[in-house]
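Below you'll find the structure, written out as structure tokens, and then a few comments.
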Amino acid sequence: AVTNSPLPESDKNILARVDYTLNGQHSFDVRYNLISSTAQSPLGVSSTTSQGIANYEVMNESAKSNFGNVGWTWQMKQNLLNVMRFGYKRYEYVQIPMDNRTLSDFGGNFVETGVPTLPSFSLSNAFSLGNTSEGFRDNINENVELNEYLIWTKGNHSIQGGFQFLRLQYLTRQDYAGSISFSTAFSGVSLADASMGLANSMQAQNRLNQGGIQHDVFMYMQDDWRA
């Protein structure tokens with residue numbers, strides 16, 4: 001079977017940079033990068049069945065990445081260099097079902113929390129419609145970091161030491177589209193069970209809200225010795 005569906009996509013990439021030297025001792029650099037992408041996922045064909053049944057939900061997907069950092073280089077002495085850099089990065093992926101009809105719009109009483117969408121249907125030894133992953137989703141990953149190090153040159157030695165502070169954070173909000181399965185338990189034919197509304201199993205759950213924050217500090221010191 002062949003299923004055709006439009007796939008509108010949009011991609012944007014913005015890069016900006018500034019380099020500035022204040023004097024012989026101080027110099028600064030700034031970098032910013034924005035990557036933005038949007039798409040509407042096509043209906044697609046279920047790869048789990050040989051009947052070529054298309055999934056009916058179309059998803060509005062968007063992804064955005066913001067990255068920026070600021071660097072400061074200070075030539076403290078002829079043989080002493082200080083470098084500091086601060087960076088920030090945030091990535092967010094959002095998935096929203098475009099068809100917000102539920103079974104209530106068709107006379108059913110299957111109710112779920114979150115952004116309205118139809119559940120998936122599975123008929124054993126026949127076909128499947130939809131997917132449990134076709135619900136609302138919002139994933140965010142963010143980190144902040146600070147790097148500071150000194151380089152001291154003395155004779156044949158180049159001594160370098162510094163530290164790094166890293167803050168990691170993530171947040172996930174996700175709906176479960178739900179699922180209704182029909183088997184041969186009542187009539188011996190899954191299609192007959194489905195036409196009579198005799199479901200074998202149903203699954204539904206509340207929105208998943210999950211997040212975490214992590215802090216890390218790293219320190220190091222090294223000596224490059226030219227023998």
Side-chain angles (χ1 to χ4, degrees), residues 1-14 34-67 89-143 169-183 190-191 193-212:
V2 177
T3 298
N4 296 319
S5 178
L7 178 59
E9 293 183 339
S10 173
D11 294 287
K12 298 178 181 178
N13 192 338
I14 299 175
L34 168 65
I35 301 175
S36 178
S37 176
T38 60
Q40 292 180 6
S41 64
L43 298 176
V45 175
S46 174
S47 60
T48 61
T49 63
S50 59
Q51 289 80 11
I53 303 298
N55 294 331
Y56 44 73
E57 187 64 85
V58 177
M59 309 302 299
N60 189 1
E61 301 171 304
S62 64
K64 182 177 292 185
S65 175
N66 282 280
F67 170 74
K89 182 170 64 177
R90 176 187 173 92
Y91 172 80
E92 181 174 13
Y93 170 78
V94 180
Q95 171 183 288
I96 302 176
M98 299 184 65
D99 187 350
N100 295 131
R101 291 177 296 178
T102 66
L103 282 186
S104 299
D105 297 298
F106 301 94
N109 57 5
F110 186 78
V111 180
E112 295 179 83
T113 60
V115 178
T117 186
L118 285 168
S120 67
F121 296 91
S122 176
L123 283 70
S124 63
N125 300 320
F127 58 85
S128 297
L129 288 173
N131 193 292
T132 56
S133 64
E134 293 177 340
F136 167 80
R137 181 188 302 177
D138 186 6
N139 298 330
I140 301 175
N141 287 281
E142 181 183 84
N143 72 61
Q169 181 177 1
Y170 79 94
L171 174 64
T172 297
R173 298 182 300 157
Q174 183 173 346
D175 290 341
Y176 181 77
S179 64
I180 302 177
S181 300
F182 300 92
S183 66
S190 60
L191 285 169
D193 283 14
S195 63
M196 293 184 290
L198 301 176
N200 180 58
S201 65
M202 292 184 290
Q203 294 183 357
Q205 67 184 39
N206 293 326
R207 172 174 292 182
L208 170 67
N209 289 285
Q210 180 177 303

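Please read all numbers here as calculations on a predicted model, not as lab measurements.
- Residues Ser120 and Thr132 approach most closely at OG-CG2, 3.6 Å, considering heavy atoms.
- Considering only heavy atoms from C-beta on, Pro97 comes within 4.5 Å of Met59 through its side chain.
- Put simply, the side chain of Gln95 gets close to the backbone of Ser133: a donor and an acceptor are under 3.5 Å apart.
- No side-chain heavy atom of Leu171 sits under 4.5 Å from any side-chain heavy atom of Gln169.
- Gln205 and Thr113 get closest at one heavy-atom pair: O-OG1, 3.9 Å.
- Side chain of Asn100 to backbone of Pro116: a donor-acceptor contact under 3.5 angstrom is found.
- For the residue pair Ala39 and Glu9, the shortest heavy atom distance occurs at CB-CG, 3.9 Å.
- For the pair Ala63 and Tyr91, the tightest heavy-atom approach, listed with the atom from each and the gap, is CB-OH, 3.7 Å.
- Proximity of a side-chain donor or acceptor of Asp175 to a complementary backbone N or O of Val115 within less than 3.5 Å is detected.
- Side-chain contact between Phe182 and Asn200: absent, with no pair of heavy atoms (C-beta onward) separated by less than 4.5 Å.
- Across all non-hydrogen atoms, the minimal contact from Tyr170 to Asn141 is CB-OD1, 3.5 Å.
- Met202 approaches Phe110 most closely through the heavy-atom pair SD-CD1, 4.0 Å.
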